[in-house]
Amino acid sequence: MAWTKYQLFLAGLMLVTGSINTLSAKWADNFVAQGCGGSKEHSFQHPFLQAVGMFLGEFSCLAAFYLLRCRAARHPDSSMDPQQPFNPLLFLPPALCDMTGTSIMYVALNMTSASSFQMLRGAVIIFTGLFSVAFLGRRLALSQWLGILATIAGLVVVGLADLLSKHDDQHKLSEVITGDLLIIMAQIIVSIQMVLEEKFVYKHNVHPLRAVGTEGLFGFVILSLLLVPMYYIPASSFSGNPRGTLEDALDAFCQVGQKPLIALALLGNISSIAFFNFAGISVTKELSATTRMVLDSLRTIVIWALSLALGWEAFHALQILGFFILLTGTALYNGLHRPLLTRLSRGRPPAEEGEHERLLGASRTAINDAS
């Protein structure tokens, strides 16, 4: 069936905003500017402040939800199902996981390339599969276990590409290795978030935009408050600010004043996360969860190509191999091979029953998987 103009728009919006989200964060990291009190120029390394901005973008999804609900009240719309009463505190544990995982990933993005950052996030499949067996009582199919093994192989290849690539002063080998490991560590936390969401949240039939916005609210408030103690906590080599603390929000604002383009990068990161979440949820609803997975893989290619074109990283052939192995693992885990096998064996398009509006199951991602 041919896509409508609206479906094409949603797919394009998801691809573009998803790419902007990672690229704008990396663009901000690449700026060098003076900080407060006339301190010498240094890189804009403020991962926790950037994470606060991301949660602000997610929080804005609540506004989109209430706008849709007002529209549905005036014009009955099947896309807005009746909402069951639920306790918003149900979102607190997943929000804490999201806050921790996102902060770690922003720290890692300071240390490694944008393309490796995007590819290594594929490790979430490994831990999600294992945790779903251990805590949700799932039985994985053979293809899903093969997908996990392929993902492990892909991660090894991408890691080797990072080890063998040329490293400059901005990304030393030790920092790249640390960054890659932090990304994989963050995926463990994201997987725990997924298990918590599936076990305690989804049974309440909460609209996805409301879920994203509620988690964003918790993350924004809690992490904003944590910026105060972070201003005083020493962080030695993990610190990117002159004071050597875990985070220095004042230094960040001073750098923004010195280089206003940093504000543009941060605004791009905040706004893109909101539109990406909306587009991703809409693509799952209007098209399929498989389409969303394919578009997310295309996002990795766009980020990689633009990073090369902008000179942010050097080309390494092993990354191509690693990407395709990771793509194969993702396809196997999410069952993308089944429609292809059905088409070949029967000579007709497979049924897609149950795939529309599906955010759980083999192809599910975290409620707000947008970084």
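In this text, all values refer to a predicted model and were calculated from it rather than measured experimentally.
Checked against the 6.0 Å centroid criterion, the rings of Phe48 and His46 do not qualify as a close aromatic pair.
Atom CG of Leu298 and atom CG of Leu15 lie 6.0 Å apart (nearest 0.5 Å). Here Thr300 contributes atom OG1 and Leu327 contributes atom CG; the two are 8.5 Å apart, rounded to the nearest 0.5 Å. To the nearest 0.5 Å, the span separating OH on Tyr66 from CZ on Arg210 amounts to 4.5 Å. Taking CZ of Phe44 as the start and CG of Leu261 as the end, the distance is 12.5 Å to the nearest 0.5 Å.
Thr112 and Glu175 share no side-chain donor-acceptor pair at under 3.5 Å. In summary, the side chains of Ser113 and Ser116 do present a donor paired with an acceptor at a separation below 3.5 Å, with no hydrogens or angles considered.
Side chain of Asn87 to backbone of Leu90: no donor-acceptor contact under 3.5 angstrom is found. At least one donor-acceptor pair closer than 3.5 Å links the side chain of Gln255 to the backbone N or O of His42. Between the Lys40 side chain and the Gln34 main chain, no donor and acceptor come within less than 3.5 Å of each other. Looking at Gln7, its side chain does come within 3.5 Å of a backbone N or O of Glu286 through a donor-acceptor pair. The main-chain N or O of Met99 is never found under 3.5 Å from a side-chain atom of Thr102 such that the two would form a donor-acceptor pair. Gln187 places a side-chain N or O within donor-acceptor distance of the main-chain N or O of Ile183, the cut-off being under 3.5 Å. Judged by distance alone, the side chain of Asn277 and the main-chain N or O of Ile273 form a donor-acceptor pair under 3.5 Å. Looking at Asn21, its side chain never comes within 3.5 Å of a backbone N or O of Thr17 through a donor-acceptor pair. Ser191 places a side-chain N or O within donor-acceptor distance of the main-chain N or O of Thr128, the cut-off being under 3.5 Å. Under a 3.5 Å cut-off, the side chain of Arg299 and the backbone N or O of Gly18 do form a donor-acceptor pair.
Counting heavy atoms from C-beta outward, Phe278 and Leu209 have side chains that approach closer than 4.5 Å. Two residues are said to be in side-chain contact when any heavy atoms from C-beta on lie closer than 4.5 Å; Ile303 and Lys26 fail this criterion. The closest side-chain heavy-atom distance from Val212 to Phe65 is not below 4.5 Å. Side-chain contact between His316 and Asp162 is absent, with no heavy atoms from C-beta onward closer than 4.5 Å. Contact check for Leu109 versus Pro47: no side-chain heavy atoms found under the 4.5 Å cut-off. Using a 4.5 Å heavy-atom cutoff, the side chains of Tyr333 and Leu140 are in contact. Using a 4.5 Å heavy-atom threshold, the side chains of Asn269 and Tyr106 count as touching. You'll find the side chain of Ile325 stays beyond 4.5 Å of the side chain of Thr151, heavy atoms only.
Checking each of Ile184, Val190, Ile148 against Phe127 for a side-chain contact (heavy atoms from CB on, under 4.5 Å) leaves exactly one that passes, namely Ile184.
The heavy-atom pair separating Pro94 from Leu196 by the smallest distance is N-CD1, 4.2 Å. Scanning all heavy atoms of the two residues, the minimum distance from Cys36 to Leu250 falls at SG-O, 3.2 Å. Here the shortest heavy-atom pairing between Ile189 and Gly101 reads CG2-N, 3.9 Å. The nearest pair of heavy atoms linking Gln50 to Ala25 is NE2-O, 3.4 Å. Here the closest non-hydrogen pair linking Gly53 and Ile270 is O-CG1, 3.3 Å. Gln45 approaches Gly240 most closely through the heavy-atom pair OE1-CA, 3.5 Å.
Counting non-hydrogen atoms of neighbouring residues, nucleotides and ligands closer than 6.0 angstrom, the CZ atom of Phe31 exceeds 12 such neighbours.
Ring geometry, Phe323 versus Trp304: the interplanar angle falls from 30° to 60°, so the pair is classed tilted.
In this structure, Arg243 satisfies the cation-pi test against Tyr231, with its NZ or CZ atom closer than 6.0 Å to the six-membered ring centre and inside 45 degrees of the ring normal.
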